[in-house]
Structure formats: structure tokens, C-alpha cells
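Worksheet: the structure to be examined is printed underneath.
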Amino acid sequence: MTGERDATDEQSMPSGAAADVAARVVRASFATEESVYGVILVAGMIVVAGAHAASSWSVFWTVAVTVVVFWAAHVYAGTVAHHGLDHDRVIGIGESFRAALRRSVGLLASAAIPSLILLAGATRAIDDAAAIWIALWSGVAVLAVLGWIAFQRRGAAWPIRLLGALATAAFGLVMIVLKAFVH
């Protein structure tokens, strides 16, 4: 047994158990170091791509392509790094690839919120320039949530969780300050 459950297992679980599974998936796939790196990568790409009054459409494509390339490189590197002998057993290429894929989901998912905001600017649902700034601020919010979850997972009291959220969000704030100076 690999510890993974399939969809039929989750459907037969009581709603509390399904919520526990969902919480584990979020912690394992989205509240990860890859997610933090991904949000900071996206923020950096927004700063760089939006530096010369680029449209939110242009910034969206720059972010999307860059994130996909970084994600693919991360999956490849994780596969190669974990393939082979591990203490007392051999890890096959398939197992190594699946593990790298699971670990890297957060890097891809981290681009979702800012990308949707950039698309809203591209479709003129919101002002183009505002979309770029809102996408950057959404990164700060996502980083704060990731920081909170990380400290909550370790059982920290709420003041420490808040401090962790603020410290993690500070990386996004640095990007906003950089954007202000670059622009």
C-alpha cells in the first residue's frame, strides 16, 4: 500500500475524513517550499516583464512560459536527483518521476491566482496596469497564507503563526518595492 487513496475511497468516507484528506493534499502539494519559490518566481517575472509598461497580456505569457519551464526543470532535476540507490533500496525512474511530480505541483499552482488576475487585465475586466499591481499584491497574500500554514502545521501559537505569515509575505513585499523602483 502506498498510502494514497483513490476517488472511490474518498467518496465512501465520512465528510470529516474527506476534509482531512483534502487538508493533507493541500499541505503536501500546495503548502510547500516549491509553492513559496513559485510565488516569488511569479512576482519576480511580473516585476521584470511589467517594467516597461508591458500589457497584462504580455506579462501573463511571460509568467506562464517561465513557470512551465521552471516546473519542468524542477520535475526533471527531482527525478534525476532521487533516482537510484536510497539507503537500502533502489528507487526506479518511474517512482522518482512520480515523487518529483507530486512535490512540484505547488510550483505550478502558485501561478494560478496571479495569472487569473493578469488575464482579467488582458480581457479588460480590470485596468491593465491595475492587474499587474493586483497580481503582485495577490502574491503577498498567498505568501502570507503559506507562512501561516507552515507554522500552523508545526503547532505554533497564533502570534508565531502571524509572525511566520508576515516573514513569508515580506518576500512578496520586497518584489513590490522593487517594482516601485523599477517602474
Set out, in order, the CA-CA distance, both residues' side-chain angles and the distance that settles side chain to side chain contact (heavy atoms under 4.5 Å, CB included) for Ile117 and Ile126, then state yes or no.
CA-CA 9 Å; Ile117 294 167; Ile126 58 178; 4.1 Å; yes

If you round to the nearest 0.5 Å, how far is [atom2] of [Y] from [atom1] of [X]?
| X | Y | atom1 | atom2 | result |
| --- | --- | --- | --- | --- |
| Ile93 | Arg98 | CD1 | CZ | 10.5 Å |
| Thr168 | Leu173 | OG1 | CG | 11.0 Å |
| Trp133 | Ser138 | CH2 | OG | 13.0 Å |

Evaluate the side-chain proximity of [Y] to [X]: yes if any heavy-atom separation is below 4.5 Å, no if none is.
| X | Y | value |
| --- | --- | --- |
| Trp71 | Leu101 | yes |
| Val174 | Ile40 | no |
| Trp148 | Trp158 | yes |
| Thr62 | Trp57 | no |
| Ile160 | Arg154 | no |

Is it the case that one hydrophobic cluster holds both [X] and [Y], taking links as side-chain heavy atoms less than 4.5 Å apart, direct or via other members?
| X | Y | result |
| --- | --- | --- |
| Ile149 | Tyr37 | no |
| Ile91 | Phe97 | no |
| Leu163 | Leu143 | no |
| Leu178 | Val39 | yes |
| Phe171 | Trp137 | yes |

Determine the minimum heavy-atom distance between [X] and [Y], stating which atoms define it.
| X | Y | answer |
| --- | --- | --- |
| Ser35 | Gly106 | OG-CA, 3.1 Å |
| Ala144 | Ala165 | O-CB, 3.2 Å |
| Gly121 | Ala131 | CA-CB, 3.6 Å |
| Ser58 | Ala54 | OG-CB, 4.1 Å |
| Met175 | Val47 | O-CG2, 3.4 Å |

Between the side chains of Asp128 and Ser56, does any donor sit under 3.5 Å from an acceptor?
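Yes - a donor-acceptor pair under 3.5 Å links their side chains.
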
I'd like to know if the side chain of [X] and the backbone of [Y] have a donor-acceptor N/O pair within less than 3.5 Å.
| X | Y | result |
| --- | --- | --- |
| Ser104 | Leu107 | no |
| His82 | Ser96 | no |
| Arg161 | Ala156 | yes |

Among Thr66, Val59, Val65, find the one that has a side-chain contact (heavy atoms from CB on, under 4.5 Å) with Val63.
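Exactly one candidate clears the test, Val59.
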
